[in-house]
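Single-structure report; data block below.
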2 protein chains.
Amino acid sequence: MSPRRVTLAEVAERAGVSRSTASLVLAGRSRELRISHSVEQQVIAAAKELDYRRNAVSVGLRTGKTRTIGFVSDTVATSRLAGDMIKGAVEAARERDLLLFIGETEGEEDLEVGLLQAMHDRQVDGIIFASMFTRAVETPAALTTGPAVLLNAVPKGQSTLSSVVPDEIGAGRSAAQVLLDAGHRDGIHLIGVGPRIRDVPPEALAGVQRLTGIHEVFTGAGVELAGGRICSDWQPELGYEATRELLRETTPSALICLNDRIAVGAYQALDDFGLKVPSDVSVVSFDDHPVATWIRPKLTTIALPHYELGRKAVEVLLREMDSDSEGSAPLGETHRLPMPVRLRDSVAARS
Amino acid sequence: MSPRRVTLAEVAERAGVSRSTASLVLAGRSRELRISHSVEQQVIAAAKELDYRRNAVSVGLRTGKTRTIGFVSDTVATSRLAGDMIKGAVEAARERDLLLFIGETEGEEDLEVGLLQAMHDRQVDGIIFASMFTRAVETPAALTTGPAVLLNAVPKGQSTLSSVVPDEIGAGRSAAQVLLDAGHRDGIHLIGVGPRIRDVPPEALAGVQRLTGIHEVFTGAGVELAGGRICSDWQPELGYEATRELLRETTPSALICLNDRIAVGAYQALDDFGLKVPSDVSVVSFDDHPVATWIRPKLTTIALPHYELGRKAVEVLLREMDSDSEGSAPLGETHRLPMPVRLRDSVAARS
DNA sequence: GCCGGTTGCTAAATCGTGTTAGCAGGGCGC
DNA sequence: GCGCCCTGCTAACACGATTTAGCAACCGGC
């Protein structure tokens with residue numbers, strides 16, 4: 001059924017030259033190898049007439065370069081997150097004529113191993129190993145055999161892998177600063193993590209880092225957090241419960257929710273108690289999930305730059321690939337991307 | 001840096017046989033070609049000791065089969081939709097030892113052409129051409145040269161391509177039936193599309209089909225729709241506006257929102273008018289977006305089976321690939337997947 | 001007339017595998 | 001002793017490109 005592809009041999013024949021010559025011309029090495037102008041034009045014309053395209057599989061076998069990279073993540077479906085990260089990676093890849101393989105491990109070790117093998121079997125030029133929430137990961141052995149980059153994850157223990165992560169500490173600083181700028185100094189409560197750093201499970205890297213940034217800024221301003229409530233899972237339901245418990249005891253001046261889903265629950269709890277956002281209580285949050293603009297008032301939040309993370313990962317991977325092909329060692333740098341503030345309507349000035 | 005992969009030649013040498021023999025054994029053709037048991041065991045042992053894995057690129061070149069499929073969509077990031085569809089496809093592919101290339105066209109023709117070329121250059125075994133919202137698409141010429149399946153889209157004009165789509169008409173029927181079962185017969189309004197089929201822009205295939213199903217059931221039950229309001233875009237804001245306009249004129253008994261985002265807006269408008277869901281007004285919707293369980297009361301909605309759509313697309317594509325390799329014509333069937341009802345708390349019984 | 005250098009191209013090997021035709025050797029029948 | 005069949009394996013080509021070494025022809029100088 002498929003009308004067999006045109007091969008280099010056919011182009012060469014039509015142009016009346018050898019395959020070698022045709023290959024050289026099409027690789028742009030005519031000058032270098034002193035191919036005459038007329039022959040060059042004939043080859044180019046023949047290729048155009050036959051609508052010739054290189055067979056990438058063959059080139060891959062011969063050169064070892066497939067212009068293909070693997071994108072492995074623990075899951076591709078949780079939240080919108082994945083979509084934008086993949087989108088960023090896919091677009092950055094396409095601009096460089098690379099194609100992306102994608103796969104997911106669901107956090108299972110054997111799937112991970114199998115997937116990385118399947119990709120190496122197909123001779124990918126490099127691998128992006130992504131996590132859907134920021135965390136420290138055990139680096140799979142299969143990643144050390146070629147260029148690789150960690151995305152939204154940092155290596156557990158020492159490692160020569162480069163990684164790309166959002167600047168969560170900076171995000172914490174921004175959130176605190178937003179409240180400070182609006183004049184809030186008292187009655188500021190956290191929803192999602194305890195008020196002290198040791199009240200956060202350390203696996204939730206984003207949590208401790210955001211909290212670190214928050215503390216940093218408040219301490220610098222002489223402001224003390226009024227309290228904080230842990231949520232075992234950062235879902236609306238848990239945010240709702242945690243906020244209700246808080247409101248039964250006191251009426252806060254401002255809430256810092258550890259993500260937008262928690263904030264959705266917090267809005268509902270505030271509504272239950274007849275409190276208005278932002279006139280009674282201000283709310284800041286993290287992530288910039290689409291829902292942040294759907295709720296009323298629109299939520300001020302510190303955005304996870306998913307799209308940029310995806311793009312950056314392929315850029316860093318390309319640098320690793322270059323350094324690999326030059327025989328030099330992996331770069332092993334950590335790239336932190338800023339998390340931009342989305343100022344909306346959930347924070348009011350306090351006199 | 002990469003410790004060069006073990007090749008078949010090395011396995012053969014270690015086992016003391018020719019490459020041909022090693023190849024045959026590892027392909028499981030020992031019986032067929034009368035390879036002695038002892039030789040067979042030696043080869044297998046050698047392969048295991050060296051941790052040999054076939055080079056998929058080489059196999060691809062030799063056999064023309066790369067165990068790779070392309071997933072091309074107009075966009076991979078809009079809504080959670082894409083994530084689940086891709087997840088379904090990725091998992092179904094992995095179970096069959098296939099890897100997925102992904103790419104997005106952003107609806108631009110030249111990107112689409114380039115992407116399909118890039119995939120064909122890499123000798124993909126087949127292509128899934130996905131749309132992120134159900135619609136009729138012009139079939140790209142590049143899809144007719146090999147096995148391909150349309151996902152969430154139907155071919156414009158006649159075509160031999162198979163397609164996989166959600167059963168939107170059935171979804172419309174389900175939504176109507178949910179209200180009928182709860183005793184609603186009067187004051188039922190639509191938010192998102194006009195009450196009559198001709199009040200829907202035909203590009204919005206989901207809209208006309210959902211409405212078709214709704215009409216079918218209501219007509220069969222002798223029930224007439226009280227009205228409907230078009231939303232130019234199915235977003236919360238537009239749903240909010242449309243619902244407010246409606247509420248200024250009348251108080252409905254039930255709302256059928258054309259998707260969950262519109263329903264979010266409708267909830268807000270109802271709240272503005274002091275109307276309670278579901279005691280004052282019942283609400284049914286479509287899609288089962290995550291937000292449906294975040295709002296209060298939880299939304300009864302007819303779910304888009306994204307994950308299953310992705311899986312099904314791979315299954316159908318595999319059948320097309322089989323029929324292609326047998327030299328028979330493409331199957332050209334349309335597969336409609338049921339959209340399940342998620343009964344939650346937004347519909348109350350009317351006496 | 002010989003040597004050396006340039007110009008312009010090609011033959012042939014290579015990447016790692018799949019596959020087909022065929023070879024060597026042994027056993028058997030007559 | 002010859003022919004034939006079977007068993008068990010291998011040689012050799014193919015897939016579609018890249019790349020290196022080298023060949024033929026011409027030119028110029030002495």
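Note that this is a predicted model, so its numbers are computed, not measured.
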Subject >> Side-chain heavy-atom pair Asp121(B), Arg54(A) within 4.5 angstrom cut-off >> reply: no

Subject >> Whole-Å distance separating the NZ atom of Lys65(A) from the C1' atom of dT14(C) >> reply: 17 Å

**OP:** For atom CD of Glu13(A), decide whether the heavy atoms of other residues, nucleotides or ligands shown that lie under 6.0 angstrom number more than 12.
**Re:** no

**OP:** Would you kindly give the CZ-to-C1' distance between Arg5(B) and dC15(C), to the nearest whole Å?
**Re:** 13 Å

**OP:** Would you please confirm or rule out a distance under 4.0 Å between OP1 or OP2 of dT17(C) and any side-chain N or O of Tyr52(B)?
**Re:** yes

**OP:** Could you check how far NE2 of His37(B) sits from C1' of dC9(D), rounded to whole Å?
**Re:** 17 Å

Original post:
Aromatic ring centroids of Phe101(B) and Phe71(B) under 6.0 Å?
Top reply: no

Subject >> Residue list, side-chain hydrogen bond (donor to acceptor under 3.5 Å, both in side chains) with Ser162(B), at least two apart or on another chain >> reply: Glu320(B)

Original post:
For Leu8(B) and dT10(D), what is the distance between atoms CG and C1' respectively, to the nearest whole Å?
Top reply: 13 Å

Original post:
Whole Å only: how far is the CG atom of Asn55(A) from the P atom of dA14(D)?
Top reply: 18 Å

Original post:
In the 5'-to-3' direction, what one-character label does each nucleotide of nucleotides 19-27 of chain C receive under the scheme B = base within less than 4.0 Å of a protein heavy atom, S = sugar-phosphate only, - = no such atom?
Top reply: B--------

Original post:
Under 3.5 Å, is there a donor-acceptor pair linking the side chains of Arg122(A) and Thr68(A)?
Top reply: no

Original post:
Crowded around Arg96(B) CZ? As in, over 12 foreign heavy atoms under 6.0 Å?
Top reply: yes

Original post:
Just checking Leu61(B): base, sugar-phosphate only, or nothing, at a heavy-atom cut-off of under 4.0 Å?
Top reply: base

Original post:
Which part of the nucleic acid, if any, lies within reach of Val39(A) when heavy atoms closer than 4.0 Å are counted: base, sugar-phosphate only, or nothing?
Top reply: sugar-phosphate

Original post:
In terms of side-chain heavy atoms, does Tyr52(B) have a donor or acceptor partner in Glu10(B) at a distance below 3.5 Å?
Top reply: no

**OP:** Could you tell me, to 10°, how much the axis swings from one end of the helix from dG1(C)-dC30(D) to dC30(C)-dG1(D) to the other, five pairs per end?
**Re:** 80°

**OP:** Starting from P on dA17(D), measure out to CD on Gln123(A) and report it in whole angstrom.
**Re:** 18 Å

Original post:
Is the phosphate of dC9(D), meaning OP1 or OP2, less than 4.0 Å from a side-chain N or O of Ser36(B)?
Top reply: yes

Original post:
In whole Å, what is the span from the CG atom of Asp121(A) to the C1' atom of dT17(C)?
Top reply: 13 Å

Subject >> Touch class at under 4.0 angstrom, heavy-atom based, for Val17(B) against every strand present >> reply: sugar-phosphate

**OP:** Measure the shortest side-chain to side-chain distance between Leu98(B) and Leu318(B) over non-hydrogen atoms and say whether it is less than 4.5 angstrom.
**Re:** yes

Subject >> Rounded distance in Å - CD (Glu13(B)) to C1' (dT10(D)) >> reply: 16 Å

**OP:** Taking the side chain as every heavy atom from C-beta outward, state whether Glu104(A) and Glu91(B) have any pair of such atoms under 4.5 Å apart.
**Re:** yes

